[in-house]
Amino acid sequence: GAGVSQSPRYKVAKRGQDVALRCDPISGHVSLFWYQQALGQGPEFLTYFQNEAQLDKSGLPSDRFFAERPEGSVSTLKIQRTQQEDSAVYLCASSRDRGHEQYFGPGTRLTVT
Amino acid sequence: KQEVTQIPAALSVPEGENLVLNCSFTDSAIYNLQWFRQDPGKGLTSLLLIQSSQREQTSGRLNASLDKSSGRSTLYIAASQPGDSATYLCAVGTASKLTFGTGTRLQVTL
């Protein structure tokens with residue numbers, strides 16, 4: 001079956017622009033996660049959804065970051081007024097349920113100029 | 001706060017060698033531990049998942065062990081091949097998230 005997909009794969013934004021990153025999880029997966037990976041580092045947790053409920057957003061770095069999953073399937077990570085320090089790869093993962101194996105998408109590489 | 005450390009940061013071995021990658025974590029209250037590989041410019045591929053109640057898992061040439069009480073895991077790769085060259089990431093899981101180490105960059109040479 002299809003894995004986790006993300007779009008766009010690459011995004012270049014001018015400083016101050018808003019961006020929206022999309023994640024399509026594996027069909028039937030209840031849990032969905034967003035991570036941010038800076039160059040040469042391991043991924044860092046941003047936020048977690050169980051169905052449509054956002055149960056943990058402790059990793060979101062500022063109030064410019066917002067995530068939603070309104071129907072419990074596709075999720076969007078939105079970054080408002082992008083800054084240079086937002087440049088990173090944004091990874092989405094899904095799992096069958098909480099505490100289960102996580103499967104990752106290919107990521108969206110965001111470059112803020 | 002959970003902290004995950006991976007040693008060594010980089011490793012180069014000749015083809016055919018067996019090798020061990022190490023991962024340590026500070027908080028033993030975990031659900032599971034996952035090992036991933038990441039190829040340059042790509043996403044993460046899950047290799048092995050060990051539940052907190054398990055001691056080890058095996059998949060092909062890979063064997064991962066978990067000692068929750070001491071906060072350690074190892075990934076053993078047997079008979080390494082050039083195709084194993086990648087960054088290997090250890091991640092400790094709770095119900096809501098994974099906490100990653102910074103990875104071990106492995107190069108297997110001919």
Side-chain angles (χ1 to χ4, degrees), chain A residues 2-7 9-10 21 23-26 29-51 53-60 67 69 88-111, chain B residues 1-7 9-10 21-27 29-54 57 59 62 64 66 68 73 75 86-105:
Chain A
V4 179
S5 61
Q6 293 186 245
S7 62
R9 291 293 314 278
Y10 304 91
L21 312 181
C23 173
D24 282 86
I26 294 172
H29 276 195
V30 169
S31 302
L32 185 145
F33 309 83
W34 285 97
Y35 295 85
Q36 179 190 59
Q37 187 174 26
L39 194 63
Q41 301 295 314
E44 298 262 352
F45 170 78
L46 294 176
T47 187
Y48 155 61
F49 289 87
Q50 187 76 355
N51 295 301
Q54 189 175 20
L55 298 186
D56 188 343
K57 53 182 181 178
S58 61
L60 295 177
R69 194 187 185 197
V89 175
Y90 290 85
L91 296 165
C92 176
S94 70
S95 67
R96 190 157 51 92
D97 205 342
R98 68 177 73 194
H100 284 69
E101 187 169 6
Q102 293 189 25
Y103 298 90
F104 281 74
T108 295
R109 181 177 297 277
L110 173 65
T111 303
Chain B
K1 181 188 168 189
Q2 179 74 269
E3 292 184 5
V4 181
T5 303
Q6 290 188 247
I7 294 173
L21 307 181
N22 296 290
C23 171
S24 62
F25 49 95
T26 55
D27 186 349
I30 65 172
Y31 266 52
N32 54 46
L33 186 144
Q34 252 181 287
W35 281 94
F36 296 88
R37 73 173 275 168
Q38 186 170 34
D39 294 282
K42 300 288 173 67
L44 277 64
T45 300
S46 180
L47 298 173
L48 288 164
L49 170 75
I50 312 177
Q51 298 293 353
S52 62
S53 58
Q54 297 176 315
Q57 279 285 351
S59 175
L62 305 179
L66 173 63
K68 210 170 69 157
S73 176
L75 178 66
T87 295
Y88 290 80
L89 291 157
C90 163
V92 174
T94 63
S96 65
K97 65 183 174 186
L98 294 174
T99 302
F100 285 83
T102 51
T104 293
R105 192 169 65 253

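Lettering follows sequence order; numbering is per chain, from 1.
The part of A:L91 that comes within reach of chain B is its side chain, from C-beta onward, which places non-hydrogen atoms under 4.5 angstrom from that chain. Proximity to chain A (any heavy atom under 4.5 Å) is shown, for B:Q6, by neither the backbone nor the side chain. When heavy atoms are compared at a cutoff of 4.5 Å, A:F49 does not approach chain B at all. Heavy-atom distances place the side chain of A:Q37, and not its backbone, under 4.5 Å from chain B. Contacts between B:K97 and chain A at a heavy-atom distance below 4.5 Å involve backbone atoms as well as side-chain atoms. With a threshold of 4.5 angstrom between heavy atoms, B:T87 does not approach chain A through any atom at all. For a residue to count as touching a neighbouring chain, one of its non-hydrogen atoms must lie under 4.5 Å from one of that chain's; by this rule B:L44 touches chain A with backbone and side chain alike.
The CG atom of A:D56 sits 7.5 Å away from the OG1 atom of B:T94 when rounded to the nearest 0.5 Å. In this structure, CZ in B:F36 is found 4.5 Å from CZ in A:F104, a value given to the nearest 0.5 Å. For the atom pair OH of A:Y35 and CG of B:L98, the computed distance is 3.5 Å after rounding to the nearest 0.5 Å.
Ranked by heavy-atom pairs under 4.5 Å with chain A, the first of B:L89, B:T102, B:T99, B:T45 is B:T102. Contact count against chain B (heavy-atom pairs under 4.5 Å) is highest for A:E101 among A:Q50, A:R9, A:E101. Of all the listed residues (A:S58, A:G40, A:G42), the one sharing the greatest number of non-hydrogen pairs under 4.5 Å with chain B is A:G42.
Within the 3.5 Å criterion, the main-chain N or O of A:Q102 finds a donor-acceptor partner in the side chain of B:Q34.
When every heavy atom of A:G99 is checked against every heavy atom of B:N32, the shortest pair comes out as O-ND2, 2.7 Å.
In this structure, A:E44 places its CD atom where only 12 or fewer heavy-atom neighbours from other residues, nucleotides or ligands lie under 6.0 Å away.
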